[in-house]
Amino acid sequence: MSNEAKVLAGIVKNVHRQLRKELKATGDPESVWLKHCQNLPSLKQYSKAMHMLATEYWEHLRTADPNTSRINWTWSYLIHYFHSGGLVKERSKSKLKLNWENTSFRGPKIKVLDVGSCYNPFEEYTELDVLPIDLCPALDSVYKCDFLLVPVTESTVIDSNSASSLAAGSFHCVVFSFFLEYLPSSSQRWSCCEKAQQLLVEEGILIIITPDSKAPHSNSKVMKSWREALASIGLKRIKYEKLQHAHCMAFRKLPAQEKEISNQPPISPQQMMYIPQDFNSTSDSDDDEFKVNTLHFTAEELVNGFNELPTLFDE
Ligand SMILES: C[S@@+](CC[C@H](N)C(=O)[O-])C[C@H]1O[C@@H](n2cnc3c(N)ncnc32)[C@H](O)[C@@H]1O
């Protein structure tokens, strides 16, 4: 990795780490977030670094091997699900006899809400009608919006460069690509997932891409925990794939009649959207030992836990 890429990766990692450190110190996710959102120089520096890293460094990888790309993966899965029989196949698995005509996919384009879009990476796809939103957009084509705070209402309101409300049940797809890890607390990640559930049409898809350069099984407990948490609000995981640097998942919003309310998770879903870094010590070192906490995984699993961002970010 070039020196410039290392510097950019360092900027990104430092923001994530700082947020977690402040959460540890205060125990108050809301005040940590408020303070973070007021730090415009830091937000802008992050946004610029992330944009450059993705478009000037990762893009080479994507060109060399399209199978490594989270962007390609998301697009091809959406085409498969909405246009090439994926949705019909899911319906055929249903045990209920539903009146599918009333809940069918409509519209010439797939309506996508890209949360934490940064530089609007899905803009190139003509099959998608993308609403890109970000806390601090890197480009003018991305709308400013804090997904943690934006209300879900009857209509989506866009004023000049920002989105001030989002309409319930109005998106075929919500994308969280390298987004959830930015948020310092499990409860904040969970509230974003709940919001995505409200914004999706029935049978719509939540895509979650999370960075990890390790072997697929090394974080299987984390992925299982997320799967169980999301199932409790009727988001059923229907696709999982491990790419070289990321876990890629698609969750289908089940029709109301099909919602699996029986599978309640053993602990509250707010706690289940953890990432191993949540249990890291407060020091800035990457080599810190992970602390074992009350959740059901071992110290070794935590030590072998997620990289914060793909190998491209590794020293
Ligand atoms: C690691 S970048 C991912 C960018 C892009 N999705 C990708 O896959 O390359 C995370 C992005 O999430 C944005 N973000 C973080 N919290 C947010 C929030 N509450 N609402 C909207 N965007 C947020 C950040 O500003 C940043 O641009």
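Values reported hereafter were calculated over all heavy atoms of this structure, with side chains retained and with hydrogens, waters and symmetry mates removed. Numbering of ligands and ligand atoms starts at 1, following listing order.
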May I ask you to check whether [X] has an N/O atom sitting below 3.5 Å from an N/O atom of ligand 1?
X      : result
Phe178 : no
Val115 : no
Asp146 : yes
Ile71  : no
Arg70  : yes

Indicate yes or no for a side-chain donor-acceptor contact from [X] to the backbone of [Y] under 3.5 Å, with no hydrogens or angles considered.
X      : Y      : result
Lys144 : Leu135 : yes
Lys109 : Asp129 : no
Arg189 : Leu183 : yes
Ser232 : Ala229 : yes

Query raised in the report: Taking the six-membered ring for Trp, are Trp33 and Tyr182 parallel (under 30°), tilted (30 to 60°) or perpendicular (over 60°)?
Result: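 Trp33 and Tyr182: perpendicular rings.
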message: Angle between ring planes, Trp73 versus Tyr77, binned at 30° and 60°: parallel, tilted or perpendicular?
response: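 Rings of Trp73 and Tyr77: parallel, under 30°.
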For Thr156, all residues meeting side chain to side chain contact (heavy atoms under 4.5 Å, CB included), sequence neighbours excluded:
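Scan of Thr156 (side chain to side chain contact (heavy atoms under 4.5 Å, CB included), adjacent residues dropped) gives Leu131, Ile158, Leu166, Ala167, Ser170, Phe171.
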Under a 4.0 Å heavy-atom limit, does [X] contact ligand 1 with its side chain, its backbone, both, or neither?
X      : answer
Ser177 : both
Cys192 : neither
Trp33  : side chain
Cys145 : backbone
Glu181 : neither
Tyr182 : side chain

Ignoring hydrogens, just give me the one of [options] whose non-hydrogen atom is nearest [atom].
atom                    : options                        : value
atom 22 (N) of ligand 1 : Leu135, Asn120, Val150, Leu148 : Leu135
atom 13 (C) of ligand 1 : Leu53, Leu19, Asp134           : Asp134
atom 4 (C) of ligand 1  : Ala246, Ala138, Gly116         : Gly116

For ligand 1, which atoms have a heavy atom of [X] less than 4.0 angstrom away?
X      : result
Met50  : 1 (C), 2 (S), 9 (O)
Phe147 : 18 (C), 19 (N), 20 (N), 21 (C)
Tyr46  : 1 (C), 2 (S), 10 (C), 26 (C)
Cys118 : 4 (C), 27 (O)

### Query
Does the separation of the ring centres of Tyr46 and His36 fall below 6.0 angstrom?
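No: the rings miss the under 6.0 Å criterion.
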### Pair Trp226 + Tyr240: ring centers closer than 6.0 Å
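No; Tyr240 has its ring centre 6.0 Å or more from that of Trp226.
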Please confirm whether Ser117 comes under 4.0 Å of ligand 1, counting heavy atoms of the residue only.
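Under 4.0 Å: yes for Ser117.
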- Strictly under 4.0 Å, does any heavy atom of Tyr119 approach an atom of ligand 1?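 Yes, Tyr119 has a heavy atom closer than 4.0 Å to ligand 1.
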Donor-acceptor pair between Glu90 and Tyr81 side chains, under 3.5 angstrom
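Side-chain D/A pair, Glu90 to Tyr81: absent.
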Regarding Glu194 and Gln198, do their side chains bring together a donor and an acceptor under 3.5 Å, going by distance alone?
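No - no donor-acceptor pair under 3.5 Å links their side chains.
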Using the test side-chain hydrogen bond (donor to acceptor under 3.5 Å, both in side chains), find all partners of Asp134 that sit at least two apart in sequence or belong to another chain.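 Partners of Asp134 by the side-chain hydrogen bond (donor to acceptor under 3.5 Å, both in side chains) criterion come out as none, since no residue qualifies.
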